Amino acid sequence: MKKNIIIIASVLLVAACLSIGGVLFFKQQKKEQQADKAEKQSLIVKKEKEAVKQENLQKKEAQVEASKSKPIDKNQKTAYLTIDDGPTKYLKQIVEALKKENVKATFFFVGNNINDEYKADIKQALQDGNSVGMHSMSHDANKLYKQGQFIPEMEQESKLLSDIVGKKVGLIRAPYGSTYLNNDQVQKAKADKFRLLDWNIDSNDWKHKGKPQDTVSFVSQELGGFHKISPVILVHETKDTLDAIPALVKAIRAKGFVLEPYFEDNDFHLNFKKDPDL
């Protein structure tokens, strides 16, 4: 009897040990599986981060490449389409319309118009190969010229735009033209390494409000007088300009011109001051 009790106790003890061992084994196995899963998840996250980093790097490189002036064929007739007074709600659509026509333009933004909702559109414009520049913070002639705020406003907007696009922006256009700049402002603009671009075709789109085809016809007629110098066409960031783009591009091409964006390192200078260093 005593022997049987010892045998039963031994069996129960062995069973208990096996049970505890089994529990510990499965716990360890589960722990190892969880650790393996966590490691795999960590690798996935790491790869995703690396992919995003690489994508951002490629985008930045593309932006830098797009912002460089391409050598212009001397036999090529080049025109520049410049679009003032944005950003507006039409910016995104205008950028898309230009891309559809396989052309690029130059946008001059008013600093006070730039808010968070337009920052992505500004980046996209640059990424698509267009150029961007400053058109002052206020577009207020009294502040800019009578109160002497032209340079401070351009410097303020340069920082604002540069922070958005990730590179220094030095291209400027004076509201109402550089005619109103005094000598001190011209010298300071050059000291700040700003490149100023005026225009030689005013589309008068404000006169043709609601009639984009009239703007196209006017520009087409003006282009007929350009044989030696590149035309720099002034339009504004409006619904009319958006609607005019297909016909405007067609008219410019029909005159034998290729549309290019204007960057600050362009060899072609155009300003009302006739200053080759401005």
Side-chain angles (χ1 to χ4, degrees), residues 54-110 113-114 118-135 157-158 160-173 194-197 199 201 203 219 223 230-238 241-253 255-270:
Q54 185 65 26
E55 184 181 356
N56 290 336
L57 181 62
Q58 289 174 347
K59 283 183 179 180
K60 190 170 183 180
E61 288 175 347
Q63 287 180 354
V64 171
E65 189 62 30
S67 67
K68 295 178 181 178
S69 289
K70 296 177 182 178
I72 303 296
D73 185 343
K74 290 184 179 179
N75 297 318
Q76 173 183 302
K77 293 169 64 177
T78 303
Y80 302 96
L81 179 63
T82 61
I83 305 174
D84 285 10
D85 295 357
T88 68
K89 61 183 179 180
Y90 302 111
L91 174 58
K92 183 176 181 180
Q93 292 171 279
I94 289 174
V95 170
E96 290 172 349
L98 291 169
K99 188 173 184 178
K100 187 176 181 180
E101 297 297 328
N102 195 30
V103 295
K104 298 169 181 64
T106 302
F107 292 86
F108 287 100
F109 297 125
V110 176
N113 291 347
I114 298 173
Y118 297 132
K119 288 181 179 179
D121 298 334
I122 292 172
K123 288 180 182 178
Q124 188 62 51
L126 200 66
Q127 190 173 322
D128 286 353
N130 301 286
S131 59
V132 299
M134 289 86 71
H135 201 33
E157 189 180 4
S158 177
L160 176 62
L161 261 184
S162 299
D163 287 345
I164 292 171
V165 303
K167 71 180 189 71
K168 189 178 188 312
V169 179
L171 181 63
I172 62 174
R173 168 165 284 173
F194 285 142
R195 166 65 70 86
L196 188 146
L197 181 68
W199 58 90
I201 294 183
S203 69
V219 170
L223 286 170
S230 291
V232 179
I233 305 161
L234 166 64
V235 296
H236 296 87
E237 195 177 300
T238 63
T241 293
L242 172 61
D243 293 339
I245 284 176
L248 185 58
V249 171
K250 184 177 180 180
I252 292 168
R253 284 173 170 162
K255 296 293 184 178
F257 291 97
V258 174
L259 277 171
E260 296 285 352
Y262 187 97
F263 296 102
E264 48 250 54
D265 61 350
N266 197 309
D267 291 334
F268 170 58
H269 291 249
L270 179 70

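Just so it is clear, the values below take in all heavy atoms, side chains as well, and ignore hydrogens, waters and symmetry mates. These numbers were taken from a predicted model, which means no experiment stands behind them.
- Without hydrogens or angle criteria, Ser230 side chain to Ala79 main chain gives no donor-acceptor distance under 3.5 Å.
- The side chain to side chain contact (heavy atoms under 4.5 Å, CB included) search around Glu101 returns Val103, Ile245, Pro246, Val249, Arg253, not counting sequence neighbours.
- Taking all atoms of both residues into account, the shortest heavy-atom contact from Asp85 to Thr88 is O-CG2, 4.0 Å.
- Here the CZ-CG distance, from Arg195 to Asn266, works out to 6.5 Å after rounding to the nearest 0.5 Å.
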Side chain to side chain contact (heavy atoms under 4.5 Å, CB included) assessment of Leu171 paired with Phe108: CA-CA 8 Å; Leu171 181 63; Phe108 287 100; 3.7 Å; yes
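- The line from CH2 of Trp199 to CG of Leu270 is 10.0 Å long, rounded to the nearest 0.5 Å.
- Once rounded to the nearest 0.5 Å, the distance linking CD1 of Ile164 with CD1 of Ile114 reads 5.0 Å.
- Residues Ala251 and Leu223 share a closest heavy-atom pair of O-CD1, 4.5 Å.
- At a cut-off of 3.5 Å, with distance as the only test, a side-chain donor of Thr106 or Ser131 sits close to an acceptor on the other residue.
- Summarising the geometry of Tyr90 relative to Glu237, their closest heavy-atom pair is CD1-O, 4.2 Å, with the distance given to 0.1 Å.
- Shortest non-hydrogen contact noted between Pro231 and Phe257 is CD-CE2, 3.5 Å.
- Of all the heavy atoms in Ala105 and Ile83, the pair that sits closest is CB-CD1, 4.0 Å.
- When all heavy atoms of Glu264 and Lys168 are compared, the pair lying nearest together is OE2-O, 4.0 Å.
- Panel note: side chain Asp84, backbone His236; no donor-acceptor pair is recorded below 3.5 Å.
- One distance of note links NZ of Lys100 with CG of Asn102; it measures 13.0 Å at 0.5 Å rounding.
- Evaluation of the side chain to side chain contact (heavy atoms under 4.5 Å, CB included) rule for Asp121 yields Leu91, Lys92, Tyr118 as partners, not counting sequence neighbours.
- Distance alone, capped at 3.5 Å, is enough to place a donor-acceptor pair between the Ser162 side chain and the Ser158 backbone.
- Ring geometry for Tyr262 versus Phe268: interplanar angle over 60°, hence perpendicular rather than tilted (30 to 60°).
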